[in-house]
Amino acid sequence: MIIETKRLVLREMNMDDYDSLYAVLGDSDIMQHYPHPFNEEMVRKWIISNIERYKTFGFGLWAVCLKENNEMIGDCGLTIQRINGVMKPEIGYHIRADKQKMGYAKEAAIAVRDWTFNKTPFKEIYSYMKYTNIASAKCAESWGCHFKYEYEDDVNEITKVYVITKEEWKKLI
């Protein structure tokens, strides 16, 4: 699976991506809205989980690479997540600290959004995050989502949920 944008290539991740992904998921600033940064074993399991998703679903979180030099700067993709007790399609993203605020998460998420509505039967795509994760919420809005609801949970205290429907997407393109 490869998705290309103006500046990015999204491709299936593999164990060769370990060091690049650890630089993202092991960063305490990037992971401040998670219970804790990932350790080495958690990053390996993350890659393995996504490889399994590719086999099972045909999608998962993909490696986000700069087109100019193939450097992996994070991940973005479609997964099935439990949101307020219900399994839903969700776009998630993590971008390395020195590449944030350059529009890469938005660009990658738009590509994944378009791929999802063109290649899957899903009629809605979600994005969810801890209520304190303002940057992630702004990014979700930037690729077309709107706030839908929030709920209390044990992990995030309060989780905010954003959504875009296929009908809303058609008006954007």
Say you draw a straight line from SG of Cys76 to CZ of Arg113; how long is it, rounded to the nearest 0.5 Å? 11.5 Å

Between Ile173 and Phe117, does a side chain to side chain contact (heavy atoms under 4.5 Å, CB included) hold up when you go through it step by step? CA-CA 11 Å; Ile173 58 171; Phe117 284 135; over 6 Å; no

Is there a donor-acceptor pair closer than 3.5 Å between any side-chain N or O of Tyr54 and the backbone N or O of Met13? yes

More than 12 heavy atoms of other groups within 6.0 Å of Asn69 CG: yes

What are the two closest heavy atoms between Val64 and Ala108, and how far apart are they? CG2-CB, 4.2 Å

With a 6.0 Å cut-off on ring centres, are Trp143 and Trp169 close enough? no

Look up atom CG in Asp16 and atom CE in Met72, then write down how far apart they are to the nearest 0.5 Å. 11.0 Å

Side-chain heavy atoms under 4.5 angstrom apart, residues restricted to Ile, Leu, Val, Met, Phe, Trp, Tyr: same cluster for Val24 and Ile95? yes

Counting only heavy atoms not in Lys106 (residues, nucleotides, ligands), do more than 12 fall under 6.0 Å from its NZ? no

So which heavy atom on Asp98 is nearest to which on Met102, and how close? O-CE, 3.4 Å

By the rule that ILVMFWY residues connect when side-chain heavy atoms come within less than 4.5 angstrom, directly or transitively, which residues belong alongside Tyr131? Ile158

Would you check if Lys166 and Phe122 make a side-chain contact, meaning some heavy-atom pair closer than 4.5 Å? no

Stacked cation flag Lys160 on Phe147, 6.0 angstrom / 45 deg: yes

Atom pair SG (Cys139) and OH (Tyr93), whose distance is rounded to the nearest 0.5 Å: 4.0 Å

Do Tyr128 and Ile125 land in one hydrophobic cluster if side-chain heavy atoms of ILVMFWY residues count as linked below 4.5 Å? no

What do the steps show when you test Thr159 against Glu150 for side chain to side chain contact (heavy atoms under 4.5 Å, CB included), and what is the final call? CA-CA 5 Å; Thr159 295; Glu150 61 186 27; over 6 Å; no

Do the non-hydrogen side-chain atoms of Ile80 and Pro89 ever get within less than 4.5 Å of each other? yes

So do Val155 and Pro35 actually touch side chain to side chain, heavy atoms under 4.5 Å? yes

Tell me, with the steps shown, if His33 and Thr132 meet side-chain hydrogen bond (donor to acceptor under 3.5 Å, both in side chains). CA-CA 7 Å; His33 302 289; Thr132 56; 2.9 Å; yes

Should Met129 and Val161 be counted in the same cluster of Ile, Leu, Val, Met, Phe, Trp and Tyr side chains packed under 4.5 Å apart? no

Inter-residue atom distance Ser127.OG - His146.NE2, 0.5 Å rounding: 12.5 Å

Give the C-alpha distance, both sets of side-chain angles, the deciding distance and a yes or no for ring-ring contact (aromatic ring centres under 6.0 Å, His included) between Tyr34 and His94. CA-CA 12 Å; Tyr34 280 68; His94 304 93; 5.5 Å; yes

Is the shortest side-chain N to carboxylate O distance from Lys119 to Asp114 below 4.0 Å? no

Would you say that more than 12 heavy atoms from the other residues, nucleotides or ligands in this model lie under 6.0 Å from the NZ of Lys67, or not? yes

Using the side-chain hydrogen bond (donor to acceptor under 3.5 Å, both in side chains) rule, take Tyr126 and Glu124 through it: C-alpha gap first, then chi angles, then the decisive distance, then the call. CA-CA 7 Å; Tyr126 292 82; Glu124 297 178 321; 2.6 Å; yes

So which heavy atom on Tyr104 is nearest to which on Lys99, and how close? CD1-O, 3.3 Å

Taking the side chain as every heavy atom from C-beta outward, state whether Leu66 and Ile73 have any atom pair closer than 4.5 Å. yes

Apply the test side chain to side chain contact (heavy atoms under 4.5 Å, CB included) to residues Ile30 and Leu25: give CA-CA distance (whole Å), side-chain angles for both, the deciding distance (0.1 Å), then the verdict. CA-CA 7 Å; Ile30 293 171; Leu25 301 178; 5.9 Å; no

In this structure, would Phe57 and Leu61 fall into the same cluster of hydrophobic residues linked by side-chain contacts under 4.5 Å? yes

Side chains of Met15 and Ile48, heavy atoms from C-beta outward: is any pair under 4.5 Å? yes

How long is the gap from CD1 on Ile47 to NZ on Lys45, to the nearest 0.5 Å? 13.5 Å

Report the C-alpha distance between Tyr149 and Ile83 in whole Å, list the side-chain angles of each, state the deciding distance to 0.1 Å, and finish with yes or no for side chain to side chain contact (heavy atoms under 4.5 Å, CB included). CA-CA 11 Å; Tyr149 61 89; Ile83 301 174; 3.8 Å; yes

Which heavy atom of Tyr151 sits nearest a heavy atom of Arg82, and at what distance? OH-O, 4.3 Å

Worked verdict on Asp75 versus Trp46 for side-chain hydrogen bond (donor to acceptor under 3.5 Å, both in side chains): CA-CA 11 Å; Asp75 64 8; Trp46 189 263; 2.9 Å; yes

Between Val163 and Leu172, is there shared hydrophobic-cluster membership here, with clusters defined by ILVMFWY side-chain heavy atoms closer than 4.5 Å? no

When you measure from the centre of the six-membered ring of Phe59, is the NZ or CZ of Arg53 closer than 6.0 Å and no more than 45° off the axis? no

I'd like to know if Glu71 pairs up with Arg96 as an ion pair, taking the criterion as any Lys NZ or Arg NE/NH1/NH2 lying under 4.0 Å from an Asp or Glu carboxylate oxygen. yes

Taking every heavy atom of Val9 against every heavy atom of Glu4, the minimum-distance pair comes out as CG2-CG, 4.0 Å

State whether Glu167 and Lys170 are salt-bridged, where the test is any N-O pair (Lys NZ or Arg NE/NH1/NH2 against Asp/Glu carboxylate O) under 4.0 Å. yes

If you look at every heavy atom in Val112 and Leu78, which pair is closest and at what distance? CG1-N, 3.8 Å

Side chains of Lys130 and Glu157: closer than 4.5 Å at any heavy-atom pair? yes

Whether Lys55 and Glu52 form a salt bridge (side-chain N of Lys/Arg under 4.0 Å from carboxylate O of Asp/Glu) is what I want to check. yes

With the threshold set at 4.0 Å, does a side-chain nitrogen-carboxylate oxygen contact exist between Glu107 and Lys6? no

Separation of Met42 CE from Ser49 OG (nearest 0.5 Å): 10.5 Å

